[in-house]
Every structure is written in C-alpha cells, then in structure tokens.
Amino acid sequence: MKLATWNVNSLRVRLPHLLDVLARHAPDVACLQETKCEDATFPTAELAAAGYHALHHGQRTYNGVAILTREPAVEVCRGIPGFIDEQSRVLAADYRGIRVVSIYVPNGQAPGSDKFAYKLRWFQALQGWLRQELASSPRLAVMGDYNVAPEDRDVHDPAMWEGKVHVSAPERAALAGVMGLGLRDAFRLFDQPEGSYSWWDYRLNAFRRKMGLRIDHVLLSPALAAECRACTIDVEPRRLERPSDHAPVICELA
DNA sequence: ATGGTAGAAACTCTA
C-alpha cells in the first residue's frame, strides 16, 4: 500500500504535474491540499481516466482538500466534527482498512496575528478529534500540509526562522500535541538526507538556493508505523515549469 | 525594497 500527499496549490493549474506524479508513483491513496476549486469544477473525469476515484471538500478560491483512491472510499467525513469552520481543510475516509485524513492546517500568517490564533485553535480541535479517531480507527494516517516544521533540522536556516511562523514554539507545541496522541512522523522513521524539505517560497529563488522547510507530513498510528517501509519527498515536480511551491511526500506501507 | 512570486479573482487577499 502506497500513500502520497501533496499541496498542489491549485488543482486546475497543477493537473498535468499531478497526473505525472500519479503515473510515476502509482499510489493507492493520494491526499491533496489547496485544490482551490469548488466541487463543480473538480477534474473528476481526468482523474478517473488516470484510474482514481476522488473525494473532494472544496471551496471557491482558497483551501480545498481531496482524497484520491484506486477504488471508492467509504465513511467520508468533511471538516472536524463539532468545530465550525468555513474553510475547507479536512477530509477523512476509510480505504482498505485504513482511516485516511487529508489536512490543510492554516498558514498562520505571523505570531500574534488573528490568523495565528486561528491556527492554534484549529490545532486544538484537530487534536481532540484525532484522539477519538485513533480510539475507533487504530489504522490511522493523517497526512497533509501541517504548516509547521517540527525540528530545526527541518529548517534551512533555523537562526533566521527562529520565532517565525511555521517554526515558532507555540506551533511546534501544537504539532507535538497531535503527535503526542501516538502518531509517528513517517519521514523520521528512516535515515534521511540532510536538507530534506517539502516547501520552498516562490520568491527569492528559494528552491534553487535550497532555502526550504519540511512542513508536509505523513503521521501514522503505531499499527501503521510498524508497517511503514519507506517515506520520501519527491522534489522533481518542484523543478518543472509553473510548479507547486510544495513537493509530494510518498509513504510505503507493507 | 515594511521587499520578492504565484494563484484566483477582481483591481486585493492569501500564502
């Protein structure tokens, strides 16, 4: 079983890149973030032609999450139950005995801002919900754009980023709270190259200069972590013309 | 330069 997650930053624009990623990796499950489209304009037919069923929790202009699967998924849940949120950031479904969650954590803008407070509130709601999900679904994979770099080794220049959004102590504590439920960072189950990142700012030639952050994660429950065989970041799509600013994360289970 | 690029959409917001 192979899982993938990718913040595509507009599914319409990135569809050719996505089809290439699906063809090269052939994941059984692909979680997408920032589809930036409504259900009505979701490219259902193109993805079906590539061999994928799609679930979408979309909205106009911003946000939007999807789950692609080889066969239809069931027990679909849109949003965090009990948490009122106008922004489409969470989609969950059962597929082949795995509870799959595609998440797009709020960016947070800057510490001290209203958006930052929303990010921390959102994390609290996520943690409360995932505690319940773990209890009912021991085979749980929560994957997506967390907008938090867990450790300094996930940051190209920790001194420059200290206290900044994606790296600040409150955000790291919020992510640690989620991981404290027992979820493992699949990427860190294995030896990885130094300077492994999943996002590079479009500005200042950040990708070429290797100025990135690792903010996209596959978190696995203990049962799935025990079956995890590999987890890698595919930077190739970031090299293409008109790339997403994020790279896909690929995770292989036994 | 309180910067810079990209996407969606509308002439601004979000990231």
Side-chain angles (χ1 to χ4, degrees), chain A residues 5-21 31-44 46-47 56-66 79 85-91 102-123 126 143-150 154-157 159-168 170-172 174-175 197-217 233-249:
Chain A
T5 184
W6 192 17
N7 180 324
V8 292
N9 187 16
S10 171
L11 182 51
R12 280 272 147 209
V13 171
R14 229 64 67 195
L15 186 58
H17 294 189
L18 175 61
L19 294 174
D20 178 64
V21 164
C31 294
L32 308 178
Q33 299 85 35
E34 285 206 88
T35 58
K36 292 186 172 179
C37 65
E38 295 174 293
D39 291 350
T41 55
F42 190 88
T44 306
E46 292 91 333
L47 291 167
H56 187 219
H57 181 34
Q59 73 179 79
R60 185 182 168 88
T61 309
Y62 302 120
N63 310 309
V65 284
D85 192 356
E86 292 181 355
Q87 306 186 23
S88 299
R89 297 182 173 278
V90 172
L91 180 61
S102 179
I103 68 167
Y104 175 45
V105 174
N107 174 288
Q109 192 180 51
S113 67
D114 289 349
K115 292 191 181 73
F116 193 82
Y118 165 62
K119 181 178 194 171
L120 296 183
R121 276 203 315 279
W122 198 95
F123 254 120
L126 179 73
M143 33 209 304
D145 178 358
Y146 284 77
N147 267 316
V148 180
D154 302 310
V155 180
H156 73 91
D157 184 346
M160 192 190 89
W161 278 89
E162 188 181 359
K164 300 278 201 309
V165 72
H166 309 308
V167 168
S168 74
E171 292 166 90
R172 284 181 167 174
L175 176 58
Y197 309 124
S198 67
W199 171 84
W200 303 260
D201 199 305
Y202 283 122
R203 297 165 289 190
L204 299 171
N205 234 327
F207 180 66
R208 190 183 55 75
R209 296 161 69 189
K210 305 184 187 307
M211 297 166 58
L213 303 177
R214 193 175 69 90
I215 58 176
D216 299 86
H217 309 299
I233 299 171
D234 178 11
V235 300
E236 292 309 314
R238 191 64 176 79
R239 304 185 199 283
L240 302 174
E241 290 292 318
R242 284 194 95 186
S244 169
D245 45 351
H246 294 254
V249 182

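Throughout, a chain's letter reflects where its sequence line sits, starting with A, and its residues are numbered from 1.
- To the nearest 0.5 Å, atom CG of residue A:D234 and atom OG of residue A:S198 are 12.0 Å apart.
- At the heavy-atom level, A:Y104 lies under 4.0 Å from the strands shown only through sugar-phosphate atoms.
- Put simply, CG on A:D114 is 11 Å from P on B:dT14, counting in whole angstrom units.
- Only the C1' atoms considered, B:dA1 is 22 Å distant from B:dC11, to the nearest whole Å.
- Going from atom CG of A:D145 over to atom P of B:dA15 covers 10 Å, rounded to whole Å.
- A:W199 has its CH2 atom 15 Å from the P atom of B:dG7, to the nearest Å.
- B:dT12 and B:dG3 have their P atoms separated by 16 Å, with the value rounded to a whole Å.
- Listed for the A:R242 side chain is no donor-acceptor partner under 3.5 Å among the backbone atoms of A:V13.
- When distances run from any side-chain atom of A:R60 to the nucleotides B:dC13, B:dA10, B:dA15, the shortest one goes to B:dA10.
- Residues forming a ring-ring contact (aromatic ring centres under 6.0 Å, His included) with A:F42 (at least two apart in sequence, or on another chain): A:H56.
- For the pair A:H246 NE2 and B:dA15 P, the interatomic distance rounds to 11 Å; values are reported in whole Å.
- A:F207 is linked by a ring-ring contact (aromatic ring centres under 6.0 Å, His included) to A:W200, counting only residues two or more places apart in sequence or in another chain.
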Hey, what are the protein-to-nucleotides 3-6 of chain B N/O distances that come in under 3.5 Å?
none

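- Across the protein-nucleic acid pair, A:N63 atom CG and B:dT14 atom P stand 11 Å apart, rounded to whole Å.
- Two residues, A:T61 and A:N147, neighbour DNA chain B, and the one matched to the more 5' nucleotide by heavy-atom proximity is A:T61.
- Atom-to-atom, CD of A:Q33 to P of B:dG7 comes out at 17 Å; the value is rounded to the nearest Å.
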Please list every donor-acceptor pair under 3.5 Å in which a side-chain atom of residues 103-111 of chain A meets a protein atom from a residue at least two apart or in another chain.
unit_1	atom_1	unit_2	atom_2	d
A:Y104	OH	A:E34	OE1	3.4
A:Y104	OH	A:E34	OE2	3.4
A:N107	OD1	A:Q109	N	2.8

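- Taking atom CD of residue A:Q109 and atom C1' of nucleotide B:dT12, one finds them 14 Å apart after rounding to whole Å.
- Ranking B:dA15, B:dT14, B:dA8 by closeness to the A:E34 side chain, first place goes to B:dA15.
- Comparing the C1' positions of B:dA15 and B:dA9 gives a spacing of 15 Å, expressed to the nearest Å.
- With sequence neighbours excluded, no residue forms a side chain to side chain donor-acceptor pair (under 3.5 Å) with A:S244.
- Atom CD of A:Q59 is separated from atom C1' of B:dA8 by 12 Å (rounded to the nearest Å).
- Taking A:D39 as the reference, nothing meets the salt bridge (charged side-chain N to carboxylate O under 4.0 Å, His left out) condition, with sequence neighbours excluded.
- Along DNA chain B, the nucleotide nearest A:S10 and the nucleotide nearest A:P106 are compared for position; the residue whose nucleotide lies closer to the 5' end is A:S10.
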